[in-house]
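Since the structure comes first, as structure tokens, the remarks are kept for the end.
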Amino acid sequence: MTMSSAKIECVLRENWRCGESPVWEEASNSLLFVDIPAKTVCRWDSLSKQVQQVTVDAPVSSVALRQSGGYVATVGTKFCALNWEDQSAVVLATVDKEKKNNRFNDGKVDPAGRYFAANRRSVYKLEKEEQIPDGMCIDVEGKLWVACYNGGRVIRLDPETGKRLRTVKLPVVKTTSCCFGGKDYSEMYVTSARDGMDPRGLLQQPEAGGIFKITGLGVKGIPPYPYAG
């Protein structure tokens, strides 16, 4: 990859409490993501610049595309199917029913179409009948891009050697996750958080909780895998 000059733009200044799990939906030119403590799944239309939201009944830690249409999300300790039109969530599976105040921490679909999700102690998978911890994505060269929480940056790593290949700094500290999207998946979208920041920190970082677009990276990403169920 030829090193190029990256351009960073805050495309959505809604000040989400804890934005996470960005996923690009090519069919609608939209970015999906969640605000975990606000219990909302969001869809930002990159053409109209409008945001739509679906509110669920528990903290929502991840969202993914669904092969059969619509979306799936991890809500509390439930795998749910989301119907965007009527804003409903149908439970597909539940784990850890006996454990109070527990929830999934993240989730992602693997190349086989299985939806993996993890809490702070366990990893579960939702297969056709029924992310792994996220914060990262992969490019066409097989390299990892990792958003560094409390680090204010996204780094590119060689997964075989562990060597850091590149660092892109953002104007906010609590960068939470990243994904490729846009035309030909040549853009990167980065979510961030503002929860836990004091008034001075928020004053210094007015874009905290925003969604950022990075262009000019000189490398493209791969499309997200849809849940096969």
Side-chain angles (χ1 to χ4, degrees), residues 1-12 16 18-26 29-36 42-44 46 61-65 74 105-112 114-118 123 131-194 205 207-227:
M1 183 184 82
T2 303
M3 191 67 71
S4 56
S5 179
K7 177 186 175 184
I8 301 169
E9 175 189 1
C10 185
V11 294
L12 198 52
W16 310 103
C18 185
E20 253 286 6
S21 186
V23 179
W24 184 258
E25 184 178 40
E26 188 173 353
N29 290 299
S30 298
L31 182 74
L32 292 157
F33 61 96
V34 303
D35 187 345
I36 297 176
C42 308
R43 185 171 69 183
W44 174 70
S46 65
S61 55
S62 69
V63 63
L65 308 180
T74 48
N105 189 49
D106 214 336
K108 213 168 185 67
V109 177
D110 75 354
R114 299 171 298 182
Y115 195 6
F116 281 82
V123 176
Q131 201 197 329
I132 294 176
D134 197 13
M136 63 185 72
C137 60
I138 192 168
D139 63 32
V140 293
E141 297 176 6
K143 302 300 188 286
L144 290 176
W145 291 82
V146 184
C148 301
Y149 187 73
N150 279 340
R153 65 195 64 197
V154 176
I155 60 174
R156 188 180 193 236
L157 300 172
D158 186 323
E160 295 183 359
T161 65
K163 180 181 178 182
R164 182 184 300 196
L165 304 173
R166 188 170 185 181
T167 299
V168 179
K169 294 184 179 181
L170 285 93
V172 294
V173 171
K174 294 183 181 294
T175 42
T176 55
S177 193
C178 56
C179 77
F180 281 96
K183 185 179 179 181
D184 300 327
Y185 292 89
S186 60
E187 303 167 347
M188 176 175 284
Y189 289 89
V190 182
T191 51
S192 68
R194 62 190 280 112
Q205 299 176 40
E207 296 174 329
I211 307 295
F212 295 86
K213 179 174 73 172
I214 305 175
T215 53
L217 288 174
V219 67
K220 297 177 181 179
I222 59 175
Y225 301 111
Y227 168 55

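Each residue takes its place number in the sequence, starting with 1.
- Here Leu12 contributes atom CG and Phe212 contributes atom CZ; the two are 10.0 Å apart, rounded to the nearest 0.5 Å.
- Of all heavy-atom pairs spanning Ala193 and Ala208, the tightest one is O-CB, 3.9 Å.
- Within the model, atoms OG of Ser186 and CD1 of Ile214 stand 12.5 Å from one another, a figure rounded to the nearest 0.5 Å.
- Within the 4.5 Å cutoff, the side chain of Val190 has no heavy atoms near those of the Ile211 side chain.
- Heavy atoms only, all atoms of each residue included: Gly221 and Val140 are closest at O-CG1, 3.5 Å.
- Between Arg166 and Leu217, some side-chain heavy-atom pair lies under the 4.5 Å cut-off.
- Here the side chains of Thr175 and Arg153 are not in contact, with every heavy-atom distance at 4.5 Å or above.
- For the pair Val63 and Val23, the tightest heavy-atom approach, listed with the atom from each and the gap, is O-CG2, 3.3 Å.
- For the pair Asn29 (side chain) and Ser46 (backbone), a donor-acceptor distance under 3.5 Å is absent.
- Smallest separation of non-hydrogen atoms from Pro226 and Val109: O-CG1, 3.4 Å.
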**Request:** Please report the C-alpha distance between Arg194 and Gln205 in whole Å, then the side-chain angles of each, then the deciding distance to 0.1 Å, and finally whether the side-chain contact (heavy atoms from CB on, under 4.5 Å) criterion is met.
**Result:** CA-CA 9 Å; Arg194 62 190 280 112; Gln205 299 176 40; over 6 Å; no
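- Among all heavy-atom pairs drawn from Ile8 and Lys169, the shortest one is CD1-O, 2.9 Å.
- The line from OG of Ser192 to CG of Leu170 is 8.5 Å long, rounded to the nearest 0.5 Å.
- Side-chain atoms of Thr74 do not come within 3.5 Å of backbone N or O of Ala117 as any donor-acceptor pair.
- You'll find the side chain of Lys163 reaches within 4.5 Å of the side chain of Leu165, heavy atoms only.
- Residues Lys143 and Glu160 are not paired through a salt bridge, judged by the lack of any N-O separation under 4.0 Å between the basic side chain and the carboxylate.
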**Prompt:** Can Leu31 and Cys179 be said to form a side-chain contact (heavy atoms from CB on, under 4.5 Å), step by step?
**Reply:** CA-CA 9 Å; Leu31 182 74; Cys179 77; 3.7 Å; yes
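- Looking at Trp145 and Leu157, their side chains never come closer than 4.5 Å, going by heavy atoms from C-beta outward.
- Heavy atoms only, all atoms of each residue included: Gly142 and Pro159 are closest at O-CG, 3.3 Å.
- Taking the side chain as every heavy atom from C-beta outward, Lys174 and Asn150 approach each other to under 4.5 Å.
- The OG1 atom of Thr176 sits 4.5 Å away from the CD atom of Glu20 when rounded to the nearest 0.5 Å.
- Tyr227 places none of its side-chain heavy atoms less than 4.5 Å from the side chain of Leu65.
- Arg156 and Asp139 are joined by a salt bridge, as a carboxylate oxygen and a charged side-chain nitrogen come within less than 4.0 angstrom of each other.
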**Request:** Determine, step by step, whether Ser177 and Thr191 satisfy the side-chain hydrogen bond (donor to acceptor under 3.5 Å, both in side chains) criterion, reporting the C-alpha distance in whole Å, the side-chain angles of both residues, the deciding distance to 0.1 Å, and the verdict.
**Result:** CA-CA 5 Å; Ser177 193; Thr191 51; 4.8 Å; no
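- In this structure, Trp16 has its ring center under 6.0 Å from that of Phe33.
- In summary, the side chains of Glu187 and Tyr185 do not present any donor paired with an acceptor at a separation below 3.5 Å, with no hydrogens or angles considered.
- Put simply, the side chain of Arg114 never gets that close to the backbone of Ala112: no donor and acceptor are under 3.5 Å apart.
- The distance from the NZ atom of Lys213 to the CD atom of Glu9 is 5.0 Å, given to the nearest 0.5 Å.
- With contacts defined as side-chain heavy-atom distances shorter than 4.5 Å, the pair Cys148/Ile155 qualifies.
- Side-chain N or O atoms of Ser21 include none that pairs as donor or acceptor with a backbone N or O of Ser62 at under 3.5 Å.
- Aromatic pair Phe180/Trp24: ring centres not closer than 6.0 Å.
- Atom CG of Leu144 and atom CZ of Arg164 lie 13.0 Å apart (nearest 0.5 Å).
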